[in-house]
Amino acid sequence: MPEAPRDYNLFEQNKKVLEFIEDVTANADQVQKSVLSEILANNVNVEYLKRHGLHGQTDRETFKKLLPVITYEDIQPDINRIANGDTSPILCSKPISEFLTSSGTSGGERKLMPTIEEELGRRSLLYSLLMPVMSQFVPGLEKGKGMYLMFIKSEAKTPGGIVARPVLTSYYKSSYFKDRPYDPYTNYTSPNETVLCPDSYQSMYSQLLCGLCQNKEVFRVGAVFASGFIRAIRFLEKHWSLLCNDIRTGTINNQITDTSVREAVMKILKPDPKLADVIQTECSKSSWQGIITRLWPNTKYVDVIVTGTMSQYIPTLDYYSNGLPLVCTMYASSECYFGVNLNPLCKPSEVSYTLIPTMCYFEFLPVNRSNGVSDPLHTPRSLNEKEQQELVELVDVKLGQEYELVVTTYAGLYRYRVGDVLRVAGFKNKAPQFNFVCRKNVVLSIDSDKTDEVELQNAMKNAATHLVPFDASVSEYTSYADTTTIPGHYVLYWELSLKGSTPIPPCVFEDCCLTLEESLNSVYRQGRVSDKSIGPLEIKIVEQGTFDKLMDYAISLGASINQYKTPRCVKFAPVVELLNSRVVEKYFSPKCPKWVPGHKQWINQN
Ligand code: AMP
């Protein structure tokens, strides 16, 4: 049968998607009402709902009256039962197909988010909205390819035999990704085999090789998070001559041993000495400014998330891309995918995400930073009855107000606090658009790690024990996520109180660094060991009196003397400069901390 001209199809497809967005945002409240009633109707027999007194009712009022607003810790016993093999309908009537391992942690281990098969379809739907939106602003993208660096991570099995892995690993391994029909919008330079290669070196190498040898066809480049994209550039800096050689000769070097990767790459790679010369000339220049546009001259934008903690990478990305637009297309999590950016070419500081009302049932807990109740810097605690009643519906949020996101998902989370703080920036029809403000409690983050103040404090306590034999202690400390190195790394500034007379040898401080790392959560340690996305932790010893100077500085900027507390993390450049100007010694962690896939309590059970 003759095919309809592709452009026509694409035009129709895009139109349909944009109409879908119009429709669900215009009818946001009705959609939300039916999403909740569908979730509750599907799960009438679920133990969790019955436990809270819901017996088949599907209306919002009863649901909100009976169901508490919860955090992960509240459902951890239920999650553990499922992980240990209880297949009864505890949270969801449909079988839990796998656990998605969130980058949020509980007790130092990744949180396990239950998911069901059909959620893959919902995630896929959100992805399908991105390019039709983008094509309104950048026409002609269908004529080129995307060089997207995509990686899978290791997975584990719970004692009950359920697979636990990150959401993207789950997606890339699903048929939605692997068996996707030809579509110009999911036409990537990376063959599936290179994405699905479990060895991160071979995966990165082969994806860059395929991206380079198709360089003229590349119209957009990207990775999920900015940190990952910068890591790829650093990889290129280290390995370009090997890559260049492969392009010159049309062969792949022997380090790439995965046969499926070799075969897939060989279908694309042809000897191209001219291109090899161009790459060699560009990469051997002393400055790498604008390397993206030099090597991929038709690139129109860089698709990476630079909202939230990733904003620390904007200057580096601007440098490498010569100021190409940095495009944040979506907002998602392991719990659920939430929304899309309908104005993708806006400045990173102005990005807002429109929550798609079909994804889950959304509620919003007003955040009032001054009353301490929902202060993003405080550890979440159970809400009292009055606070539970303060939650508002998707269509009732107020412009300019900040809220904590609470979701009820098809996969068995009910009134679950995601931990993100969002600010209403505007509306698309009836659906609000949110700036991402912050993740609650997170003080340090380099890649997908999210370290909170309590974890940092515990790690500090453990590390400081090495100083006890020297009659020394840490009198003040703060921390900084240093992203000027690639990969970035955690820096701890320590001011010491020294009572003993024996000098402290450097190896003791190095032990302190390692103990800090060993004490941090599993996502951090995975970043250090497996993903190599975080560099060795550094301790910088500062002169006596530095933290007094820090306080003087804060007070000069208007902080109250009575309420001043040493910040446990610093970001403001002048403060970092002040600290750095008083550093007397520096130490790095001498090796990687221990890390194994899965939760530590599963090791003897599997
Ligand atoms: P995970 O559950 O590990 O996939 O992490 C999800 C979390 O990553 C979210 O709850 C946010 O805190 C953060 N995140 C995801 N998308 C964005 C985005 N577009 N901008 C800022 N932060 C994001």
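As the structure lists them, so they are numbered: ligands from 1, and atoms in each ligand from 1. Please read these numbers as outputs of a predicted model, since none were measured by experiment.
Taking only nitrogen or oxygen atoms, main chain and side chain alike, Thr101 does not reach within less than 3.5 Å of ligand 1. For Val418, no nitrogen or oxygen atom sits less than 3.5 Å from a nitrogen or oxygen atom of ligand 1, counting backbone and side chain alike. Between Thr307 and ligand 1, a contact under 3.5 Å exists for at least one N or O pair.
A donor-acceptor pair under 3.5 Å links the side-chain atoms of Glu517 to the main chain of Leu537, judged by distance alone.
Here the heavy atom of the protein found nearest to atom 17 (C) of ligand 1 is Tyr331 CD1, 3.6 Å. Nearest protein heavy-atom contact of atom 1 (P) of ligand 1 is Ser334 OG, 3.3 Å. In this structure, the protein non-hydrogen atom closest to atom 8 (O) of ligand 1 is Lys450 NZ, 3.8 Å. Counting protein heavy atoms only, atom 3 (O) of ligand 1 is closest to Ser103 OG, 2.5 Å. The protein atom (non-hydrogen) at minimum distance from atom 12 (O) of ligand 1 is Asp420 OD1, 2.7 Å.
For the salt bridge (Lys or Arg N to Asp or Glu O under 4.0 Å) with Arg415, the qualifying choice from Glu335, Glu404, Glu363 is Glu363, the only one to do so. Screening Glu118, Glu119, Glu117 for a salt bridge (Lys or Arg N to Asp or Glu O under 4.0 Å) involving Lys94 leaves a single residue, Glu118.
Residue-ligand proximity, Ser333 to ligand 1, at heavy-atom distances under 4.0 Å covers atoms 2 (O), 4 (O), 6 (C), 10 (O). Heavy-atom contacts of Arg439 reach the following atoms of ligand 1: 7 (C), 9 (C), 10 (O), 12 (O) (cutoff under 4.0 Å).
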Does the pair Glu22 and Lys428 meet the rule for a salt bridge (Lys or Arg N to Asp or Glu O under 4.0 Å), with working shown?
CA-CA 8 Å; Glu22 279 299 326; Lys428 165 73 181 170; 2.5 Å; yes

Using the side-chain hydrogen bond (donor to acceptor under 3.5 Å, both in side chains) rule, take Gln207 and Thr194 through it: C-alpha gap first, then chi angles, then the decisive distance, then the call.
CA-CA 6 Å; Gln207 292 194 57; Thr194 63; 4.7 Å; no

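By the 4.0 Å heavy-atom criterion, Ala332 is counted among the residues contacting ligand 1. The closest approach between Tyr353 and ligand 1 falls below 4.0 Å for a heavy atom of the residue. Heavy atoms of Met330 come nearer than 4.0 angstrom to ligand 1 in at least one pair.
Between Tyr331 and Phe434, a ring centre-to-centre spacing not shorter than 6.0 Å is recorded.
Cation-pi contact between Arg423 and Tyr403: absent, since separation from the ring centre below 6.0 Å together with deviation from the ring axis within 45° is not met. In this structure, Arg123 is not positioned above the aromatic face of Tyr127 in the sense of NZ or CZ being under 6.0 Å from the six-membered ring centre and within 45° of the axis.
Between Tyr416 and Tyr72, the ring-plane angle classifies as perpendicular under the 30° and 60° cut-offs.
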